[in-house]
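Before any comments, here is the structure.
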Amino acid sequence: MGPDEICRLDATAQAELVRSGFVRAGDLVLAAAERIRRLNPRLNAVVSEWLDEATEGAADRGPTGALGGVPMLVKDLDIEVADRPFSCGMRILRDRKWRSREDSALIARFRSAGLVVLGKTNTPELGLAITTEPAAFGAARNPWDVERSPGGSSGGSAAAVAAGFVPVAHASDGGGSIRIPAAACGLYGLKPSRGLVSFGPQHGEYWAGFVANFVLCRSLRDLALFTDILSGAEPGDPYGVAGVPPDSMTIGGGSRRTRIALATDSHVRGFRLASSYRAAVESAGEHLEALGYPVTHCVPDGVADGAVIRGPFSTIMSAWTAHALDEWGERLGVRIAAADVEPGTWILSQGGRGVSATSYVGAIEAINRFSRSLGQWFRDEADVLITPILPGPPPRIGEIRSEDIETQLDLITWTAPFNASGNPAMAIPWTTDEAGMPIGLQLVAAGGGEAALFRVARELEVGRGAVVAPILAFDRDQFGDTRPRDH
């Protein structure tokens, strides 16, 4: 089996090759490193790598853990790798050559599973944009159409997985930053329930609990496996999740009594859902209804009108942006000024400095009321809500600037409310639009309801006719047809 053939497999299949003795564990790393070296100059998905170190002696590496030898990449934000560059998409950290001092808890979990970290992926400054075009590193490009963005803020991770660099990459999500890149690149992603995956030891929470860490991958079975690998509290974590028993992420065995709600209508200025994206949600509902699921059209209050996003969500996000600049300034021993960051970052931070303590507490209270209302909606109306993720194809490179904050708020209409509420939300690939770009769906459940998401996602995956999302096949020397195979 050649390197490109290996790179087209998901993590589960790559690990099985090693266990069966068909390839050595080191072959997986060598295949990934070769593909990164060859294709990353065109995609700019990886901004920091240690491929020479990872491949040195790779042929002698033996399998350890459930995913022994499987290569992965880590987003350059939200979790840290000891003694490796950590830039958060910021020029000032890049120029200071800042390096992390300790591993995050998730790095230990990745390594315990046998994964080999090869480098860091591109991300917008502080993860504040829905595209990945930081001034520090330049734009990451979407393998499906290199003139378009892979989304943000986990755009580098999404581009790397979609292009077959690695079968899985770390990602994080504070307003849609896992689900938007997943939809833009035809991948699977999960924003888990608040508290299911630890932020330790560097943080107890981030953005008042809005941000969650997880991965992007090419198959539902990999997503299920990583839910088991990454779930569980670390000492001192501020949250815990009840109702997610061990091994609950097994796929299949869905209950046809699960109530499905479809939502396609938005009342936000500037949000215009393309007809093919609306049809994608409707067709998923038709598929489930044909299987016997009860399906209705219903949307919870506060989800599609932008009120939560433009109110308490924005208040909390801007306050945390100001805090992040203060924190980095203290660590660097400087006062970070407007010239040190991108315009959008500075605008948000200045807004955050105007948030009073009482306004911040009021925003937290408003979020708590919304979360309780949403919890009651899931109890009364539906078990799984299916929505769009993006209103149309991902933006073209350069189309959205960091300071285009209003536009970006419009584009997180369907994702950010569930960061605020803490509900689990999954992105799955479903179909393609008229131009051949992927269309993803969002599945949302009550807090701790990951198992319901996996059951419904499995039904949809079977209906879609694929167990593993197809890998984009590129010419060895240049990008030719960027359409996926067998899709």
Side-chain angles (χ1 to χ4, degrees), residues 9-16 66-67 161 167-168 178-179 182-183 185-193 196 214-231 243-263 280-296 378 382-389 418 423-432 438-471 484 486-487:
L9 302 175
D10 69 347
T12 300
Q14 288 194 15
E16 181 56 34
L67 295 170
V161 174
V168 63
I178 288 174
R179 291 156 288 161
C185 294
L187 302 174
Y188 290 86
L190 173 69
K191 183 202 75 66
S193 296
L196 187 65
F214 208 69
V215 296
L216 286 159
C217 56
R218 294 196 297 261
S219 71
L220 186 62
R221 64 183 183 179
D222 277 3
L223 204 64
L225 177 60
F226 276 93
T227 308
D228 284 333
I229 289 172
L230 300 181
S231 298
V244 186
D247 302 318
S248 67
M249 305 314 155
T250 53
I251 50 183
S255 169
R256 301 292 166 85
R257 293 188 300 275
T258 301
R259 299 166 300 166
I260 307 296
L262 306 181
V281 177
E282 298 287 355
S283 67
E286 290 167 3
H287 173 73
L288 292 170
E289 194 166 33
L291 293 174
Y293 286 84
V295 177
T296 60
F378 275 106
D383 300 299
V384 173
L385 171 68
I386 302 178
T387 81
I389 295 175
F418 306 111
N423 291 65
M426 180 186 292
I428 66 168
W430 179 242
T431 186
T432 55
I439 298 177
L441 302 178
Q442 176 175 235
L443 280 59
V444 189
E450 278 80 357
L453 297 183
F454 277 96
R455 287 194 294 268
V456 173
R458 175 57 176 160
E459 297 275 27
L460 292 171
E461 184 183 55
V462 171
R464 178 176 174 270
V467 173
V468 179
I471 300 306
D486 303 321
H487 193 66

Judged by atom type as modelled, is there a donor-acceptor pair below 3.5 Å linking the side chain of [X] to the main-chain atoms of [Y]?
X	Y	value
Gln442	Met426	no
His287	Glu282	no
Asp383	Ile260	no
Arg218	Leu9	yes
Ser219	Asp222	yes
Asn423	Ala445	yes

Side chain proximity check, [X] to [Y], heavy atoms < 4.5 angstrom:
X	Y	answer
Leu443	Phe454	no
Thr296	Leu262	no
Phe378	Val384	no
Tyr188	Glu461	yes
Leu385	Phe418	yes
Ile428	Leu223	no

* Who passes salt bridge (Lys or Arg N to Asp or Glu O under 4.0 Å) against Glu16, sequence neighbours left out? -> Arg19
Work out which heavy atom in [X] is nearest to a heavy atom in [Y]; give both atom names and the distance.
X	Y	value
Gly447	Ser193	C-OG, 3.9 Å
Pro167	Ala11	CB-N, 3.4 Å
Pro424	Gly448	CD-N, 4.1 Å
Ala182	Ala427	CB-CB, 3.7 Å

About how many Å separate [atom2] of [Y] and [atom1] of [X], when rounded to the nearest 0.5 Å?
X	Y	atom1	atom2	value
Leu441	Arg179	CG	CZ	13.5 Å
Leu220	Leu190	CG	CG	10.0 Å
Cys217	Asp10	SG	CG	8.0 Å

* **Steps toward side chain to side chain contact (heavy atoms under 4.5 Å, CB included) verdict (Val456, Leu288)** => CA-CA 8 Å; Val456 173; Leu288 292 170; 3.9 Å; yes
* Does Gln14 have any side chain to side chain donor-acceptor pair (under 3.5 Å) partners at least two apart in sequence or in another chain, and if so, which? -> none
* Structure fact -> side chain to side chain donor-acceptor pair (under 3.5 Å) filter on Ser283, not counting sequence neighbours, yields Trp430
